[in-house]
> 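Sharing a structure here in structure tokens format.
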Amino acid sequence: MNISRFALCETPFYYYNLTLLQQTLDSITAATADSPNFHVHYALKACVAHEVLQIIAQHGFGADCVSGGEIEMAHQHGFAANDIVFAGVGKADWEILRALDLGIQCFNVESLPELEIINELAARKNLVARVAFRINPNVDAHTHAKITTGLNENKFGLALEDTLPAIRRAASLTNIQFIGLHFHIGSQITKLDSYRELCIRINELQSSLEEEGIFVPTLNVGGGLGVNYTAPDTEAIPDFASYFTIFKQELQLREGQSVHFELGRSIVAQCGSLISRVLYVKEGHSKRFVIVDAGMTDLIRPAMYGSTHQIDNLSHPEAPKASFDVVGPICESSDVFATDYVMPTPQRGDLLAFRSAGAYGEIMASQYNCRRLPGHIAE
Ligand code: LLP
């Protein structure tokens, strides 16, 4: 990080390290090089900073989108329509129509009523929509409740037992082509055994479908690989080799079958930091507060998921260490980045970096309290 350059920038802002991003992409490509049937789609929901998207599109990955806005963003940044998949429990008609017009690779359908509407809208345009069914495999991702998606009680996908009726219904619809099954069990998954369990569930499901004479061309196993928030410097690039090895070893693939992955966080989290300036250091009744100019409006993860981000004092890394609560300026008690955090003692004007903020950081920013949205620099 070029801190002298930061001194001239208006804070708070996001900083993206594009060299690390490129190394991360190369590491994924190396880990999948022996599996030409593996295809990686970047989950745009994690970050859509222009420079970041451009590099990922140029690298040749596909796009995983969950809204018409994301589809537009992917399209504008050069992701081929045929490499875009569209998931989400509540696709609006205009979003479906736009996706049909572009000719995206696949709709990841999450309910039977949605299937009927896609068929109806495709018929209106005399097109055939390719669909995969998102199946809820009831696998516990052992992650935060707010980012667990694959349990029976979650709103996502179809229940396992509804798979066969859904495929049969799809076969009877003239403007629908069934091309695969989709699974996504959650995010920030660090216990890789959850993926092993997912593979077992997929294998069982495949065998039972085969008995009914059904072949599934594409298996989309979703995303969710976690990153190391506590040691971003020692593990700047996630262990993609171990992650992909699970699927290589456990998934029982049929001839001609392809496997799709939808990675978001693991691609962009470590390459981004939120840079903020210290406004005040306040002696409270029983605590010392570092009040910074970034708030939960700029990085909502700590307030929303209780997540922790390493905080570096960029201006005075060698200052004596002490314990502080690092808080933002928003009028909410949850606007706290860290409590009892031991760091080099900051002073007014110091620049702090909230690390591992490239995923679900800038993209989740809001204007609550009539604040400006953070900008970014990428280099
Ligand atoms: N595919 C689907 C269907 C998803 O719902 C998600 C994330 C992904 C792929 C990408 O997952 P990833 O590889 O990034 O874990 N805002 C939360 C995370 C929400 C994740 C939502 N879905 C956070 O800041 O932790």
Side-chain angles (χ1 to χ4, degrees), residues 14 24-25 28 39-48 52 56 61-67 70-71 74 84-91 105-111 114 132-137 139 141-151 154-158 180-192 194-195 198 219-229 238-240 243-244 247 259-272 274 296 298-309 337 354-366:
Y14 276 85
T24 307
L25 296 171
I28 294 174
H39 301 280
V40 176
H41 289 234
Y42 169 61
L44 267 80
K45 60 178 81 64
C47 176
V48 295
V52 169
I56 299 173
F61 285 179
D64 161 41
C65 300
V66 288
S67 72
E70 283 189 359
I71 290 174
I84 297 176
V85 298
F86 182 17
V89 284
K91 299 179 187 73
Q105 181 184 97
C106 179
F107 291 84
N108 290 335
V109 171
E110 306 220 12
S111 69
E114 181 194 329
F133 288 108
R134 177 167 179 177
I135 307 301
N136 190 335
V139 170
H142 300 286
T143 182
H144 192 282
K146 283 190 181 153
I147 48 176
T148 291
T149 49
L151 292 175
N154 297 128
K155 69 175 177 178
F156 301 98
L158 297 166
L181 296 177
H182 173 226
F183 308 84
H184 174 75
I185 56 174
S187 198
Q188 184 51 18
I189 296 171
T190 50
K191 292 198 170 67
L192 292 184
S194 300
Y195 287 117
L198 172 63
L219 295 173
N220 182 335
V221 297
L225 177 63
V227 302
N228 191 336
Y229 281 98
D239 184 0
F240 291 112
Y243 168 74
F244 286 111
F247 296 95
V259 185
H260 290 207
F261 299 84
E262 299 172 338
L263 298 174
R265 186 191 316 264
S266 53
I267 297 179
V268 292
Q270 299 293 34
C271 80
L274 171 64
M296 63 193 283
D298 305 295
L299 177 62
I300 203 173
R301 303 195 67 258
M304 195 155 172
Y305 315 108
S307 69
T308 52
H309 291 256
F337 289 111
F354 294 87
R355 304 288 307 280
S356 317
Y360 308 109
E362 184 180 6
I363 190 69
M364 291 182 80
S366 80

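In this chain, residues are counted from 1 in sequence order. In listed order, ligands and their atoms are each counted from 1.
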> Compute the minimum heavy-atom distance from Arg134 to ligand 1 and say whether it is under 4.0 Å.
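Flag set, Arg134 near ligand 1.
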> What atoms of ligand 1 come within less than 4.0 Å of a heavy atom belonging to Leu263?
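Every atom of ligand 1 under 4.0 Å from some heavy atom of Leu263: 13 (O).
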> Parallel, tilted or perpendicular: which describes the rings of Phe261 and Phe244, with under 30° parallel and over 60° perpendicular?
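If you compare the ring of Phe261 with that of Phe244, the planes turn out perpendicular.
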> Within the side chain of His309, is there an N or O that forms a donor-acceptor pair under 3.5 Å with the backbone of Arg355?
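Pair found, side chain donor or acceptor close to backbone of Arg355.
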> Nearest heavy atom to atom 11 (O) of ligand 1: which of Arg265, His184, Arg301 does it belong to?
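Among Arg265, His184, Arg301, the closest heavy atom to atom 11 (O) of ligand 1 comes from His184.
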> For ligand 1, note which part of Met364 has a heavy atom under 4.0 Å away: side chain, backbone, both or neither.
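For Met364, the contact with ligand 1 is made by the side chain alone.
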> Pick one of side chain, backbone, both or neither for how Phe156 approaches ligand 1, counting any non-hydrogen atom pair under 4.0 Å.
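Within the 4.0 Å criterion, Phe156 makes no contact with ligand 1.
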> Can you find a non-hydrogen atom of Gly224 under 4.0 Å from ligand 1?
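It does, in that a heavy atom of Gly224 comes within the 4.0 Å cut-off of ligand 1.
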> So, does Ser356 use its side chain to make a donor-acceptor pair with the main chain of Gln270 at under 3.5 Å?
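No, Ser356 side chain to Gln270 backbone: no donor-acceptor pair under 3.5 Å.
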> Distance under 4.0 Å to a non-hydrogen atom of Asp64: what atoms of ligand 1 satisfy this?
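Listed by number with element, the hits are 1 (N), 9 (C).
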> List every atom of ligand 1 that sits less than 4.0 Å from any heavy atom of Lys45, numbering the atoms from 1 in the order shown and giving each element.
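Answer, ordered by atom number: 1 (N), 2 (C), 4 (C), 5 (O), 6 (C), 7 (C), 8 (C), 9 (C), 21 (C), 22 (N).
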> For the residue pair Phe337 and Phe354, categorise the inter-ring angle as parallel (less than 30°), tilted (30 to 60°) or perpendicular (more than 60°).
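Plane angle between 30° and 60°, so tilted.
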> Counting each atom of ligand 1 from 1 as listed, which ones have a heavy atom of Ala43 under 4.0 Å away?
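Atoms satisfying the 4.0 Å criterion: 10 (C).
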> May I have the step-by-step check of salt bridge (Lys or Arg N to Asp or Glu O under 4.0 Å) for Glu70 and Lys45, ending in yes or no?
CA-CA 8 Å; Glu70 283 189 359; Lys45 60 178 81 64; 5.4 Å; no
> Please check if the side chain of Tyr305 supplies one atom and the backbone of Ile300 the other of a donor-acceptor pair under 3.5 Å.
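Not a single qualifying donor-acceptor pair exists.
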> Whether the side chain of Glu110 engages the backbone of Gly88 through a donor-acceptor N/O pair (distance < 3.5 Å, no angle test) should be reported.
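Side chain of Glu110 to backbone of Gly88: a pair is present.
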> Flag Gly264 as yes when one of its N or O atoms lies below 3.5 Å from any N or O atom of ligand 1, and as no otherwise.
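N/O-N/O distance under 3.5 Å: yes.
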